[in-house]
Protein chains: 2
Amino acid sequence: MMQPMAKRVQSAGFKLTPPRQAVLQVLEESREHLTPAEVLARAQAIYPSLGRATVYRTIELLINLGVVRPIFLGARGMCLTLAEGGHHHLICFECGSVIEFEECTVGELEQELAQRLNFQIRGHLLEFYGVCERCHD
Amino acid sequence: MMQPMAKRVQSAGFKLTPPRQAVLQVLEESREHLTPAEVLARAQAIYPSLGRATVYRTIELLINLGVVRPIFLGARGMCLTLAEGGHHHLICFECGSVIEFEECTVGELEQELAQRLNFQIRGHLLEFYGVCERCHD
DNA sequence: CCTATAATGAAACACGGTCTCAATGAGAAC
DNA sequence: GTTCTCATTGAGACCGTGTTTCATTATAGG
């Protein structure tokens, strides 16, 4: 069965080339928060002649298709994450560490905003900022 | 009365110089989401000989003091915002527009996480991503 | 007023990301 | 399968953001 990202690229009318497949595979398999530079490095391991411009072009394409989304992750800088669903972090001012959590209480608010503003919501990000256990006291 | 940011800089043991005051004034007055480059431009209007390095050093200082905080705002890239309190955005995949809203339902969750993880929470960011009214249909 | 030293601007530097352009190859038409 | 077209590609020049270095300046405390 075809990878879901590849399907979305193709059904949006874009060609499914080996360079693009390498980038898609990296983003799909890692399911992590990678920087574009890390995506480049990993995708070049799959398809060595891959150029920087192609990676950035593919990322831009995927962002426009709503498949991935950039988030700014503290000290790591800009990273990519899957666009669907929620992401929840606690970030420490001092050491920059990122703690993920699962609980989320924004479901109702999401519904209400979507309706009131006629906005198709596909994902969300909830981050708390402060000082972690190790950095205060 | 002294501007609150200036006070925090001084009471943390840092000198309050004219270049720093220019940067503080820009961040304090605009109460917007400015990029570092925009801060530089506006602060140079106040203190023309201001150098780029000083702006970046001052921003880093303020981030470490927990006064401002970087956020990644869709197409605008990395911007600065006041660290305290909450910030709430709806961001469109297609056109990158940012809509702010006020309602927020994360207060209880904030309390609970702070207690459970022993984390001093000072602010938060809640963003929804999707397609705005003008960009779908 | 003097002094120690934090803070500064200029300039070189590093790097991420964009753009241009000629070459390539995917996929449609037949 | 063959041909054609045009999206896609990699190389490399380019640009702007952010960092580092270093000699100079000026703040705040004594």
Side-chain angles (χ1 to χ4, degrees), chain A residues 2 5-26 33-65 68-80 96, chain B residues 2 5-27 33-65 68 70-80 96:
Chain A
M2 184 183 277
M5 280 192 195
K7 198 168 189 81
R8 289 187 59 179
V9 168
Q10 232 177 14
S11 61
F14 296 95
K15 293 179 181 172
L16 198 55
T17 62
R20 274 181 186 159
Q21 290 185 47
V23 174
L24 294 183
Q25 186 183 331
V26 167
H33 305 312
L34 299 179
T35 64
E38 289 163 345
V39 174
L40 172 61
R42 296 197 189 191
Q44 277 180 334
I46 299 171
Y47 187 82
S49 74
L50 182 65
R52 214 176 358 154
T54 299
V55 171
Y56 284 102
R57 285 187 283 234
T58 303
I59 288 171
E60 186 191 5
L61 173 65
L62 293 174
I63 290 174
N64 288 338
L65 292 178
V68 300
R69 180 162 67 66
I71 64 176
F72 191 81
L73 250 194
R76 281 179 59 74
M78 199 270 260
C79 293
L80 296 162
Chain B
M2 183 182 279
M5 280 194 197
K7 196 168 191 83
R8 290 186 60 178
V9 169
Q10 232 176 14
S11 61
F14 297 94
K15 294 178 180 173
L16 198 55
T17 60
R20 274 183 185 156
Q21 291 184 47
V23 173
L24 294 183
Q25 187 183 330
V26 167
L27 286 170
H33 305 312
L34 299 179
T35 64
E38 289 164 345
V39 174
L40 172 61
R42 296 197 189 190
Q44 277 180 334
I46 299 171
Y47 186 83
S49 75
L50 181 64
R52 216 178 354 159
T54 299
V55 171
Y56 284 102
R57 285 187 283 235
T58 303
I59 288 172
E60 186 191 5
L61 173 65
L62 293 174
I63 290 174
N64 289 337
L65 291 178
V68 300
I71 63 177
F72 192 81
L73 251 193
R76 280 179 60 73
M78 200 271 261
C79 295
L80 296 162

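All values below were derived from every heavy atom in this structure, side-chain atoms included, with hydrogens, water molecules and symmetry-related copies excluded. Naming convention: chains lettered A, B, ... in sequence-line order (proteins, then strands); numbering from 1 in each chain.
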Closest to the [X] side chain: [options]?
{"X": "Ala53(A)", "options": "dG9(C), dA11(D), dA28(D)", "answer": "dA11(D)"}
{"X": "Arg57(B)", "options": "dT9(D), dG9(C), dA28(D)", "answer": "dG9(C)"}
{"X": "Tyr56(A)", "options": "dT8(D), dG17(C), dG9(C)", "answer": "dG17(C)"}
{"X": "Pro18(B)", "options": "dT27(D), dT9(D), dA7(C)", "answer": "dT27(D)"}

* To do: Considering non-hydrogen atoms only, spot the tightest contact between Pro36(A) and Val55(A) and give its length.
  => O-CG1, 4.2 Å
* Atom of Leu50(B), atom of Pro19(B) and distance for their closest heavy-atom approach -> CD1-CB, 3.8 Å
Let me know the distance between [atom1] of [X] and [atom2] of [N], rounded to the nearest Å.
{"X": "Leu50(B)", "N": "dA7(C)", "atom1": "CG", "atom2": "P", "result": "15 Å"}
{"X": "Leu16(B)", "N": "dG29(D)", "atom1": "CG", "atom2": "P", "result": "12 Å"}
{"X": "Lys15(A)", "N": "dT24(C)", "atom1": "NZ", "atom2": "P", "result": "16 Å"}
{"X": "Tyr47(B)", "N": "dA26(D)", "atom1": "OH", "atom2": "C1'", "result": "10 Å"}
{"X": "Ile59(A)", "N": "dT9(D)", "atom1": "CD1", "atom2": "P", "result": "13 Å"}
{"X": "Glu60(B)", "N": "dT17(D)", "atom1": "CD", "atom2": "P", "result": "18 Å"}
{"X": "Glu38(B)", "N": "dG16(D)", "atom1": "CD", "atom2": "C1'", "result": "14 Å"}
{"X": "Gln10(B)", "N": "dT27(D)", "atom1": "CD", "atom2": "C1'", "result": "10 Å"}

* To do: Kindly indicate whether the side chain of Val9(B), heavy atoms from C-beta on, has any atom under 4.5 Å from the side chain of Thr58(B).
  => no
* Structure fact -> Note: for Pro36(B) and Phe14(B) on DNA chain D, the residue whose nearest nucleotide lies more 5' is Pro36(B)
* **Along DNA chain D (nearest heavy atom to each residue), the more 5'-positioned of Thr35(B) and Thr17(B)** => Thr35(B)
* Hey, does Arg52(A) reach any base, or is it just sugar-phosphate, or nothing, if we go heavy atoms under 4.0 Å? -> base
* Asked: So, Arg69(A) side chain and Ile63(A) main chain: donor-acceptor pair closer than 3.5 Å or not?
  -> no
* **Qualifying residue for side-chain contact (heavy atoms from CB on, under 4.5 Å) with Arg20(A), from Gln10(A), Met5(A), Lys15(A)** => Lys15(A)
